[in-house]
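Note sheet for the following structure.
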Protein chains: 2
Amino acid sequence: MELDDRKKAILEAVIESYIENAEPVGSRTIAKRKQLNISPATVRNEMADLEEMGLLEQPHTSAGRIPSDLGYRVYVDKLMKRYELTADEINRMRSLMQLKISEMDSLIREITNIYSRLINYTVIATMPEQKQATIKHFQIMPIDSHNILLIVVTDSKMVKETKITLTRPITLYDAVQISSVLNESLAGVPCKDINISSIKGLQSELYEYDEIIQPILDFVYECISTEDNAKIFYGGITNLLNFPEYSNINRARELLEYLDNKSNIQRVIAHRQHEKVKILIGSENNAIELNDCSVVLSPYQIDGRAIGTIGLIGPTRMNYSKAVSNIEFLAGQLNRLSEYNMEEKK
Amino acid sequence: MELDDRKKAILEAVIESYIENAEPVGSRTIAKRKQLNISPATVRNEMADLEEMGLLEQPHTSAGRIPSDLGYRVYVDKLMKRYELTADEINRMRSLMQLKISEMDSLIREITNIYSRLINYTVIATMPEQKQATIKHFQIMPIDSHNILLIVVTDSKMVKETKITLTRPITLYDAVQISSVLNESLAGVPCKDINISSIKGLQSELYEYDEIIQPILDFVYECISTEDNAKIFYGGITNLLNFPEYSNINRARELLEYLDNKSNIQRVIAHRQHEKVKILIGSENNAIELNDCSVVLSPYQIDGRAIGTIGLIGPTRMNYSKAVSNIEFLAGQLNRLSEYNMEEKK
DNA sequence: GTTAGCACTCAACGACACAGAGTGCTAACA
DNA sequence: TGTTAGCACTCTGTGTCGTTGAGTGCTAAC
């Protein structure tokens with residue numbers, strides 16, 4: 001089936017109405033738009049087609065339609081009009097750059113914070129660590145019999161931690177044993193010199209903890225293989241709680257806990273060395289906790305070299321057009337900031 | 001009316017049951033405790049007395065009783081038995097101190113984070129800034145016509161911001177004007193040299209912005225008068241969402257937004273230069289957003305001089321006994337850490 | 001002073017009906 | 001052949017109502 005102009009117009013109208021109201025859109029609502037000049041019945045036929053094409057979904061038979069992830073994707077790639085920033089919005093972002101903070105990471109942290117109040121989404125930013133990290137220390141801390149916290153400290157102040165649920169109980173003694181083997185073999189070694197085979201070696205050394213060791217080594221490998229140990233800042237996490245999609249406390253908690261663990265979000269934005277604004281919609285984030293979230297990311301440069309990322313997190317129902325224009329502009333301002341202004345601020 | 005032994009026992013039983021189950025406690029539940037050996041009817045009489053004394057409350061006529069803030073206060077001051085830490089708990093806290101992070105503030109930040117996973121409350125810690133701060137820069141950023149963000153940057157990387165709601169609209173131009181007056185008069189001046197009269201002077205200089213200026217000056221004064229511009233870290237903010245008292249998303253959002261603004265919590269813990277563990281129950285926090293929260297705080301020392309604070313935040317229904325023992329022990333460990341261990345870690 | 005008994009209160013819950021929004025299908029229309 | 005009016009149908013959300021059960025306060029007896 002072909003996506004003709006009328007289908008496009010209807011898809012666009014559905015998405016824009018849903019972005020605004022967070023409620024399934026019925027045929028009558030669409031038909032009332034004067035530009036289209038068609039009856040609800042016709043809209044219903046078209047909507048049925050769009051649903052068949054996987055662009056719309058129906059929460060239940062007697063409800064209106066909502067966009068699917070694929071629908072948003074088509075909208076974002078082909079239909080979305082560019083949002084023009086207002087003079088006020090531009091002024092506010094420029095004025096953000098006036099913050100007189102000389103340390104780059106405090107500055108980015110504050111921009112993230114303050115900007116989140118202006119945009120009403122959650123803002124995320126990473127600061128790249130230039131130097132190659134070395135693992136300094138491992139620590140395993142049992143929370144209860146089946147849950148441990150694995151903590152990895154690198155020499156660049158970076159701490160990564162994750163909660164791991166085990167299939168069999170672990171004692172404090174086991175934890176000390178495993179930590180010390182990990183420390184003896186891997187501490188002090190630069191991350192780039194650790195590879196799968198050195199980790200496999202550990203597996204045989206720790207054979208007596210067979211069932212426990214696998215998820216631990218997985219996390220260690222993940223730590224050393226995410227090349228840049230970027231610092232991550234969030235601003236306005238609580239903005240997420242304003243969206244009706246998170247009015248269920250369990251859903252909200254699940255999401256906030258996911259974001260609280262910074263290695264999670266690092267995984268989402270890792271390996272996205274791209275030149276322009278990138279949009280990740282719902283399941284494209286590859287994490288069930290983010291299935292109803294979208295992320296809009298843009299790289300920004302410091303001194304024309306090291307690359308950090310700044311972006312927004314919101315429900316898939318977010319205003320993509322506005323988000324893209326905002327993040328694009330903000331990243332542009334940051335680029336200019338690092339080139340010209342840092343010197344004089346010092 | 002006197003608080004005799006039986007009344008004490010009943011109050012204690014009600015509080016401990018409510019701490020555990022988060023549900024109003026009925027007379028039958030209390031009477032079933034064998035130690036007391038009294039009938040539900042007697043308990044009901046006693047409970048009515050305790051209610052009259054302001055120690056218990058009734059959510060509605062046919063429900064059981066819940067403790068009032070005053071009830072908790074009496075419990076905490078007079079009835080509560082000391083919780084003895086288990087060997088495991090002690091080991092875990094000691095093992096927390098093994099974290100090999102040389103920068104003190106990163107270390108405290110991580111301890112806060114990781115400890116929150118062990119204790120399941122929200123952990124809060126401040127790092128004192130030794131040196132006397134100087135205000136470096138003011139900035140006013142309009143969010144919309146009636147809300148502004150006031151940002152104060154000091155030379156010690158500290159940034160304080162607050163959202164202020166105005167009684168009349170403000171333009172971007174007004175904001176620039178007011179900022180520049182503030183900057184001209186106050187930037188570069190050490191906080192200790194700014195006092196009420198220098199602020200009063202500004203008020204006449206900015207007379208044309210009469211209605212707007214008052215809350216702004218209030219915040220400025222608050223900034224400069226909180227003597228230590230401590231950094232504040234939170235760990236496990238999302239732990240709060242596990243408590244049934246915050247299962248209402250609006251309540252949860254209100255609380256998280258309050259905590260998100262660090263100057264708020266600074267106000268709560270400011271001027272608490274005390275020697276031992278301090279407990280603030282519900283309304284004692286002097287903030288409506290914290291009316292159903294309690295805070296358990298302890299000072300800790302770095303190099304025997306500068307004083308930071310570490311503590312827990314939870315619902316008023318928190319396990320005070322456990323919280324106190326934990327925070328006391330943790331603060332003790334931190335004291336020892338800074339005295340002996342920091343050198344060798346460097 | 002304590003307790004058994006009893007009438008009373010109130011939130012929580014499930015059953016039920018009903019309104020309203022929206023759909024899909026059919027048949028008529030241009 | 002594409003569009004539309006009409007209609008029967010579906011499903012959620014809401015309000016009403018009676019029931020249940022936990023808990024109380026009061027009275028009178030022990």
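Sequence lines set the chain letters: A, B, ... in the order given, protein chains first and strands last, and positions in each chain run from 1.
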Requested in this report: Please assess Leu118(A) against Ile143(B) for the test side chain to side chain contact (heavy atoms under 4.5 Å, CB included), listing each intermediate value before the final yes or no.
Outcome: CA-CA 6 Å; Leu118(A) 300 179; Ile143(B) 296 178; 4.1 Å; yes
Query raised in the report: Does any pair with a residue in residues 237-263 of chain A pass salt bridge (charged side-chain N to carboxylate O under 4.0 Å, His left out), and if so which ones, sequence neighbours excluded?
Result: Glu245(A)-Arg317(A), Arg251(A)-Glu254(A), Arg251(A)-Asp292(A)
Whole-Å gap separating [atom2] ([N]) and [atom1] ([X]):
X: Gln58(B); N: dG23(D); atom1: CD; atom2: P; result: 12 Å
X: His60(B); N: dG21(D); atom1: NE2; atom2: P; result: 17 Å
X: Glu46(B); N: dG23(D); atom1: CD; atom2: C1'; result: 18 Å
X: Ile30(B); N: dA22(D); atom1: CD1; atom2: C1'; result: 15 Å
X: Glu23(B); N: dA22(D); atom1: CD; atom2: C1'; result: 11 Å

Query raised in the report: Please walk me through it: do Lys322(A) and Glu89(A) pass salt bridge (Lys or Arg N to Asp or Glu O under 4.0 Å)?
Result: CA-CA 11 Å; Lys322(A) 200 164 180 173; Glu89(A) 285 168 331; 3.7 Å; yes
Query - side-chain N/O Thr42(A) vs dT4(D) OP1/OP2, d < 4.0 Å - result: yes
Query raised in the report: Counting just side-chain N and O atoms, does Arg6(A) come under 4.0 Å of either OP1 or OP2 of dT3(D)?
Result: yes
Query raised in the report: Going 5' to 3' along DNA chain C, which nucleotides are the first and last within contact of chain B (any atom under 4.0 Å from a heavy atom)?
Result: dT2(C) to dA11(C)
Query raised in the report: Want to settle it: does Thr61(B) or Asn45(B) sit nearer the 5' end of DNA chain C, counting the closest nucleotide to each?
Result: Asn45(B)
Report summary line: Result for 5'-nearest mapping on DNA chain C, choosing between Ser39(B) and Glu51(A), is Ser39(B)
Query raised in the report: What is the nucleic acid contact for Ala41(B), judged by heavy atoms within less than 4.0 Å: base, sugar-phosphate only, or nothing?
Result: base
Query raised in the report: For the atom pair CG (Leu256(A)) and OG1 (Thr238(B)), what is the distance rounded to the nearest 0.5 Å?
Result: 7.0 Å
Requested in this report: Identify the nucleotide, in any strand shown, that forms a Watson-Crick or G-U wobble pair with dT27(D), with both distances under 3.5 Å; if there is none, say none.
Outcome: dA4(C)
Query raised in the report: Salt bridge between Glu328(B) and Arg82(B), side-chain N to carboxylate O under 4.0 Å?
Result: yes
Requested in this report: Look at the rings of Tyr72(A) and Tyr320(A) and say which category their plane angle falls in: under 30° parallel, 30 to 60° tilted, over 60° perpendicular.
Outcome: tilted
Query raised in the report: Do you see a donor-acceptor pair shorter than 3.5 Å between the side chains of Asn326(A) and Tyr115(A)?
Result: yes
